[in-house]
Amino acid sequence: QAMEKSRPLWDNPLQFVFACISYAVGLGNVWRFPYLCQMYGGGGFLIPYFIMLIAEGMPLLYLELAVGQRMRQGSIGAWKIISPYLCGVGVASVVVSFFLSMYYNVINAWAFWYLFHSFQDPLPWATCPLNSNRTGYEEECEKTSSTQYFWYRQTLNISPSLEVSGSVQWEQALCLTLAWLVVYLCILRGTESTGKVVYVTASLPYCVLIIYLIRGLTLHGAVNGLVYMFTPKLEQLSNPKTWISAATQIFFSLGLGFGSLIAFASYNEPSNNCERHAIIVSLINSATSIFASIVTFSIYGFKATFNYESCINKVILLLMNAFDLEEGSLTADNLNEMKDYLMATHPQEYVQLLPQLKNCSLEAELDTAVQGTGLAFIVYSEAIKNMEVPQLYSVLYFVMLLMLGIGSMLGNTAAILTPLTDSRVIATRFPKEVISGVVCFINCVIGLIFTMESGSYWFDIFNDYAATLSLLLIVLVETIAVCYIYGIRRFEKDLHNMIGRKPNWYWKIMWAFASPLLIISLFLFYLTDYILTGTLQYQAWDATQGQLVTKDYPGYALAVIGLLVAASIMCIPLGALLTFIRKRLKRESISTV
Amino acid sequence: MLRILLLTLSVVASARAQLCEPDAQNAFKVRLSIKTALGDDAYAWDANEEYLFKAMVAFAMRRYSSKSTTQISDVLLCNVTDRVSFWFVVTDASKNVTTVPGSEVEAAIRMNRNRINSAFLLSDKTLQFLKITSTLSPPVEPSTPVWLIVFGVVLCLIVAGIIFLIVAGIQQHKKKNKESTERENLEEKGEVTLTVENGIPCETLDLKAGHINGVFAADDERFTSL
């Protein structure tokens, strides 16, 4: 008699918690939450955020973890057990995870690029490069700032629009290959290796954030940023977009619907207390978002104050040179009075000078809200270049970005690999090293698209459309399936068997009513938003002006967007249909016999 | 006689003074930012500093062209402001009341720029000759870009890690296969009967953790012989 091959398990529950934290705490906590906080009312945004956490985040997280732990299979197998007609849900999760892993690792490639360039003095994004005859700086760099130039020209080498594809940038391709090799190294042995890696990827970002918090709070002008962020603008609470953004952020920040949480939970002991773990993970995720935004806003404040003071100094220099005033006679304090005095005494020359005199405003600097890659790579690197020992802070920061990105990638690849290794068809023929290798290789080759000159535009397409609508639908179907198809009483009993107690009324009400209603309203909102805005637009970099301009997507890009959304959503009805046909055929073949 | 001398002198002087005017031909504006450069160690701009400046310009002209015989008195300064900015012009001693062409002065200053800068403890940015652009020095670039070196190091480490894990995995796999094939061979030969209890091979039960129960220990004398 042969012994049944047992399912690999986490060495201890702590590895599971760390894996979930490492997956959930990702780049979104660092670069999206601070932006939302700034746009939707500062300190006041925390109110809708916490309400949504309790109404939506914790219940849905608990649901996914419980399903994974009970069924002990990846997403495809788990939903098949709940109901054979729901195998499409699992497949949709895998498809969405596949799309995500295709483009997400490009961020790690960019982080590697910046990390490798941090070992120079001065930092390459600190100064503009010289033009060909060495009489001044590069024209494009003059129009914009050196950090933006480094990002758009030297990192991305971005083309003026989506239609101009350009060639593959070999440097970015190398970094992307390295990023995929790192991911492969971590997932090579399955939970054995992943379990050890997540200790590092979960805890290192916190160490760096604490260092940055201390550094950030001691920077000159940090207080301006913090005050700006935390002054609650409570009138934003009446704006529906605030609540929608809070719900969306909680939803996507926890990474629900990708199948990663189900995959991680499937490697648990059946008696693991996933209720406690769900609460812990969701609270830590939200706390990290707030912590990260404190750090981000002190950095914002520093950068805004620095730019404001440079602007004032430039105006002072201009006036001093034009009117030959003594050095030190014009300071930031008497600038306004002196401007009036000069306008009175030398009206003609002053008027000539007027177009060059910029109105410097600290508010305007702080108002430049940025999110996404712009925040992570441009704003932060700009702040870093002005600190002392910038190389150290730069290395720390980009290592942190890498840890966050790789932690999320581990979850994504687990969502793809767990169903593959569960299926006996594939797992018996190939060892898991080969399956992981093939998946990484395919993703790497497809990911080369994002290293082309127009790659950043394709990245934005994937980032905005590959996962958003599909995930909402997937999680909605999941919740309805567990509550109404599998039955909440059966689910209660399963949880009682696993944990030892039944879920209380809070969980049941959220699962059955609150969360599905919230998701349906989010889904309807996004649909109407897409329909109402008509054409979709994107931001393209104009090298001649040195800034972003808005352009319309060409036809084939819209087709790709439609395909992305349809590819995952269609799996759900198709799966149900296929199962129905298969059952029909079986019934017929049985009846004919 | 004396009156005629005085008259010619004053005419010459005024003519020379007219050579140095803002935006005059071959005149250059200079701007110094002493307080920005030196902070608390800044020196005041007075007649002595002006003298030094004239000397440096004369030095530059002489160094540029060996034929030049520029004297300190040939360099004229005018319109000195509080900013510390002024215009200067270099007159030609041989030809009366004319100025040295601007291109020559520019070339001379360019050639000796860092000598002039260091005489005043300033730099290209804080001692500006407004019409004379300075060539910016490019940053030092090593032969292999630094990032490629770091990239290479990290790449080697990661690839070594992957190869190590794969090889370890293959070895483990081989060991498991060898064990199971050995066991199968022994079973086939019938030499070792593999007793199985509830799906668990009995030999795994012969662990050190197992205790022999003394009550049931085979003690032949206890049993009545048949």
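For the numbers below, each heavy atom of this structure counts, side chains included, while hydrogens, waters and symmetry mates do not. Naming convention: chains lettered A, B, ... in sequence-line order (proteins, then strands); numbering from 1 in each chain.
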Does CD belonging to A:Glu139 count more than 12 external heavy atoms closer than 6.0 Å?
no
Reported CH2-to-CD1 distance for the pair A:Trp180 and B:Ile158, which is rounded to 0.5 angstrom:
14.5 Å
About how many Å separate CG of A:Leu178 and CZ of B:Phe151, when rounded to the nearest 0.5 Å?
5.5 Å
Pairwise distance OG(B:Ser33) to CG(A:Leu317) - rounded to 0.5 angstrom:
6.5 Å
Taking every heavy-atom pair that is under 4.5 Å apart, which of A:Leu115, A:Val182, A:Leu174 has the most such pairs with chain B?
A:Leu174
When rounded to the nearest 0.5 Å, the distance separating CD1 of B:Ile163 from CG of A:Leu185 is 11.0 Å
Heavy-atom check, side chain of A:Leu325 versus side chain of B:Asp82, under 4.5 Å
no
Over all heavy atoms of both residues, which pair between B:Ile162 and A:Leu188 is shortest? Give the atoms and the distance, please.
O-CD2, 4.0 Å
Parallel under 30°, tilted from 30 to 60°, perpendicular over 60°: which one fits the rings of B:Trp147 and A:Phe116?
parallel
What's the spacing between A:Arg189 CZ and B:Gln172 CD if we round to 0.5 Å?
5.5 Å
Other residues, nucleotides and ligands only: do more than 12 of their heavy atoms fall within 6.0 Å of CD on A:Glu349?
yes
Okay, B:Val153 and chain A: the region with an atom under 4.5 Å from a heavy atom over there is neither
Approximate separation, where rounding is to 0.5 Å, of A:Glu433 CD and B:Ile170 CD1:
7.5 Å
Minimum heavy-atom distance A:Phe119-B:Val146, with the two atoms named:
O-CG1, 3.7 Å
Side-chain heavy-atom pair B:Arg83, A:Glu326 within 4.5 angstrom cut-off
no
Pick out which of B:Thr81, B:Val84, B:Val80 makes a side-chain contact (heavy atoms from CB on, under 4.5 Å) with A:Asp324.
B:Thr81
Side chain, backbone, both or neither: which part of B:Ser180 has an atom under 4.5 Å from a heavy atom of chain A?
neither
Would you indicate whether A:Phe441, at its atom CZ, is surrounded by more than 12 heavy atoms from other residues, nucleotides or ligands within a distance under 6.0 Å?
no
Please classify the contact between B:Ala168 and chain A as side chain, backbone, both or neither, with a heavy-atom cut-off of under 4.5 Å.
both
Most chain B-contacting option - heavy-atom pairs closer than 4.5 Å, from A:Met320, A:His117, A:Gln120:
A:His117
Contact winner vs chain A - B:Ile34, B:Leu155, B:Val159, B:Leu165, heavy-atom pairs under 4.5 Å
B:Leu165
Given heavy-atom pairs under 4.5 angstrom as the criterion, report whether the side chain, backbone, both or neither of B:Leu32 touches chain A.
backbone
Taking atom CZ of B:Phe59 as the centre, report whether more than 12 heavy atoms of other residues, nucleotides or ligands fall under 6.0 Å from it.
yes
